[in-house]
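Take a look at the structure set out below.
Being a predicted model, the structure only gives us computed values, none of them experimental. The sequence lines fix the lettering, A, B, ..., with proteins before strands; numbering per chain opens at 1.
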Amino acid sequence: MPELPEVETVRRGLAPFMEGRRIRELTLNRADLRFPLPEKFKTRVEGRKVEQLSRRAKYLVINLEDDLSLIAHLGMSGSFRIEEPDKALQPGAFHHERSKDQAHDHVVLRIGRDAEPDALIIYNDPRRFGFMDLIETSAIDTYPAFKALGPEPTGNRLSAQYLAERFKTKKGPIKSVLLDQTVISGLGNIYVCEALYRAHIRPTRAAMSVVTPTGKPSRQLEDLTRAIRDVIAEAIEAGGSSLRDHIQTDGSLGYFQHRFRVYDREDKPCLTEGCDGIVHRITQSGRSTFYCPVCQK
DNA sequence: ATCATGACCTGTTAGC
DNA sequence: TGCTAACAGGTCATGA
């Protein structure tokens, strides 16, 4: 599931339970996720205090003391949940029955501060497309997955002019180009569909077709740039609201309710004002694309 | 270089 | 009800 807004929601949800706490114990329930876990993962992490939780694109970055950062990617199906000790049980006892698929609880951090009871931070990932890694915080910009990342959708580095520069040589469909994390980072299948829908751009169009012959952004590309910003900012906001409502009930993070205007609405009416189109689903590069053939041109 | 495809995994759901 | 096939929010390696 997780695109940028979901990962940001996870970050915000975990931060109050992790920042300033010490990782007292790391339990590893298997030797690898998508990739093997790093050398001496357990011993390098145990005993360190969490300074800060940050995020780059779809990567969660847990800054630890002494120049170490734990990087976590949720892949398609990863999530975190928080379990606090149940005050009704014996001190130190945890509720462990809620999750349907504990079989996929791959990494468990026991974390605490002073005399407060410890909490458990549990990483669950059925499909195991996610991974974790360790890197020195001072070397984070050299991390291979980060080096090539394009700008964040809500950051200052993103502009219509920048996208025009990147698009002008790309003959492939604009949808695929927006999924390329080296062009812009953090977008995934859902939010690309949503952004193109808002900007009324057909996903099959060549990326270069929204750039003028002189290399300037077209009006549509300016609309798209705004749409990307807006759709991501709104989704982060929706994630924040769901956090407030949801976290206390089951402690799970990484999934939240969000209304999509075009994604997963095949054969349903287009929601654009005054448009009587029907949403189509096609496949591009092996992924589903949803769009309205009437108002996306 | 650019682009599309298949591979990695397991779970859920639509259709018969 | 049970079986099968298609599909799922992400990368990464490969080959045309």
Side-chain angles (χ1 to χ4, degrees), chain A residues 1-11 29-37 55-60 71-80 99-106 123-133 143-150 153 165-197 203-209 211 228 231-232 234-236 238-239 242 252-267 281-290:
Chain A
M1 148 196 206
E3 303 182 30
L4 187 157
E6 290 78 16
V7 179
E8 176 60 19
T9 300
V10 169
R11 188 194 70 75
N29 293 325
R30 50 179 303 134
D32 53 62
L33 298 173
R34 177 174 183 178
F35 307 115
L37 285 148
R55 179 192 57 73
R56 180 72 177 95
K58 302 173 192 173
Y59 297 81
L60 181 70
I71 291 170
H73 194 291
L74 301 178
M76 289 279 257
S77 58
S79 65
F80 280 93
S99 166
K100 306 165 265 192
D101 54 352
Q102 270 179 252
H104 303 296
D105 287 350
H106 304 309
Y123 177 74
N124 179 289
D125 184 7
R127 290 177 77 179
R128 258 180 290 128
F129 287 172
F131 60 89
M132 289 190 186
D133 206 350
Y143 189 67
F146 289 2
K147 253 193 312 196
L149 284 177
E165 194 59 36
R166 296 301 305 265
F167 283 8
K168 70 182 184 192
T169 60
K170 309 253 186 213
K171 205 188 166 321
I174 190 166
K175 193 230 178 175
S176 310
V177 174
L178 289 170
L179 286 172
D180 180 346
Q181 302 295 300
T182 71
V183 172
I184 178 170
S185 63
L187 299 182
N189 204 39
I190 291 178
Y191 295 111
V192 166
C193 289
E194 294 293 312
L196 288 168
Y197 176 73
T204 50
R205 274 181 57 182
M208 65 193 330
S209 77
V211 182
I228 289 169
V231 81
I232 293 298
E234 287 171 25
I236 290 173
S242 81
S252 67
L253 293 165
Y255 297 79
F256 60 83
Q257 300 291 323
H258 191 51
R259 274 221 170 318
F260 303 121
R261 297 190 197 166
V262 73
Y263 182 82
D264 206 19
R265 299 195 67 250
E266 185 180 16
D267 294 336
R281 182 171 76 87
I282 59 171
T283 299
Q284 292 179 288
S285 306
R287 318 289 308 275
S288 284
T289 296
F290 298 87

Margin query: Using a 4.0 Å heavy-atom cut-off to protein, can you give one letter per nucleotide of nucleotides 11-16 of chain C, 5' to 3': B if the base is in contact, S if only the sugar-phosphate is, - if neither?
Written below: BS----
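Summarising the geometry, the separation between CD on A:E266 and C1' on B:dT13 is reported as 15 Å, rounded to the nearest angstrom. If you take CG of A:D125 and C1' of C:dG10, they are 11 Å apart, rounded to a whole angstrom. The nearest whole Å value for the distance from the CG atom in A:L74 to the P atom in C:dG10 is 11 Å. We find that CG of A:D264 is positioned 13 Å from C1' of B:dT12, with the value rounded to whole Å. Atom pair A:K170:NZ and B:dA4:P shows a separation of 11 Å (rounding to whole Å applied). Regarding A:L178, its CG atom lies at a distance of 13 Å from the P atom of C:dG10, rounded to whole Å. Separating the CG atom of A:D105 from the C1' atom of B:dT10 is a distance of 15 Å, rounded to the nearest angstrom. Separating the NZ atom of A:K175 from the P atom of B:dT2 is a distance of 20 Å, rounded to the nearest angstrom.
In terms of heavy atoms, A:M132 sits closest to A:L37 at CB-CD2, 3.8 Å. The heavy-atom pair separating A:G186 from A:E3 by the smallest distance is O-CB, 3.8 Å. Nearest heavy atoms, A:P126 versus A:N124: CD-OD1, 3.3 Å. The two residues A:C193 and A:S288 have their closest heavy-atom pair at SG-O, 4.3 Å.
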Note to self: Dot-bracket for DNA chain C, please. Rules: Watson-Crick or G-U, both distances under 3.5 Å, ( ) within the strand, [ ] when a pair crosses earlier ones, | for another strand, . otherwise.
What the structure shows: .|||||||.|||||||
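Going from the P atom of B:dA14 to that of C:dG9 covers 15 Å, rounded to whole Å. Straight-line distance between the P atoms of B:dT5 and C:dA8: roughly 15 Å, to the nearest whole Å. Rounded to a whole angstrom, the distance from the P atom of C:dT11 to that of B:dT12 is 23 Å.
Nearest nucleotide to the A:N189 side chain, out of B:dG11, C:dG9, B:dT2: C:dG9. Across C:dG9, C:dC7, B:dG11, the shortest atom-to-atom separation from the side chain of A:R281 is found for C:dC7. Checking B:dC3, C:dG9, B:dA4 against every side-chain atom of A:I190, the shortest atom distance belongs to C:dG9. Relative to the side chain of A:F129, the nucleotides C:dC7, B:dC8, B:dT10 differ in distance, and B:dC8 lies closest.
Taking the side chain to side chain contact (heavy atoms under 4.5 Å, CB included) definition, one finds that A:R55 meets it with A:L4, A:V7, A:E8, A:R11, A:E152, sequence neighbours left out.
Judged by atom type and distance alone, A:R128 does not reach the base of B:dC9 through any side-chain donor-acceptor pair under 3.5 Å.
For C:dG9, one of the phosphate oxygens OP1 or OP2 lies less than 4.0 angstrom from a side-chain nitrogen or oxygen of A:Y263. For B:dG11, the OP1/OP2 oxygens have a side-chain nitrogen or oxygen of A:H104 closer than 4.0 Å. Taking 4.0 angstrom as the limit, A:S285 places a side-chain polar atom (N or O) nearer than this to OP1 or OP2 of B:dA4.
Contact of the A:V183 side chain with the A:F167 side chain is registered, since non-hydrogen atoms from C-beta on lie closer than 4.5 Å. You'll find the side chain of A:V231 stays beyond 4.5 Å of the side chain of A:Y197, heavy atoms only. Residues A:L74 and A:F80 form a side-chain contact, since some pair of their non-hydrogen atoms from C-beta on lies under 4.5 Å apart. The side-chain heavy atoms of A:H73 and A:R34, taken from C-beta on, include no pair separated by under 4.5 Å.
The aromatic rings of A:Y59 and A:F146 sit perpendicular, their planes meeting at an angle over 60°, well past the 30° parallel limit.
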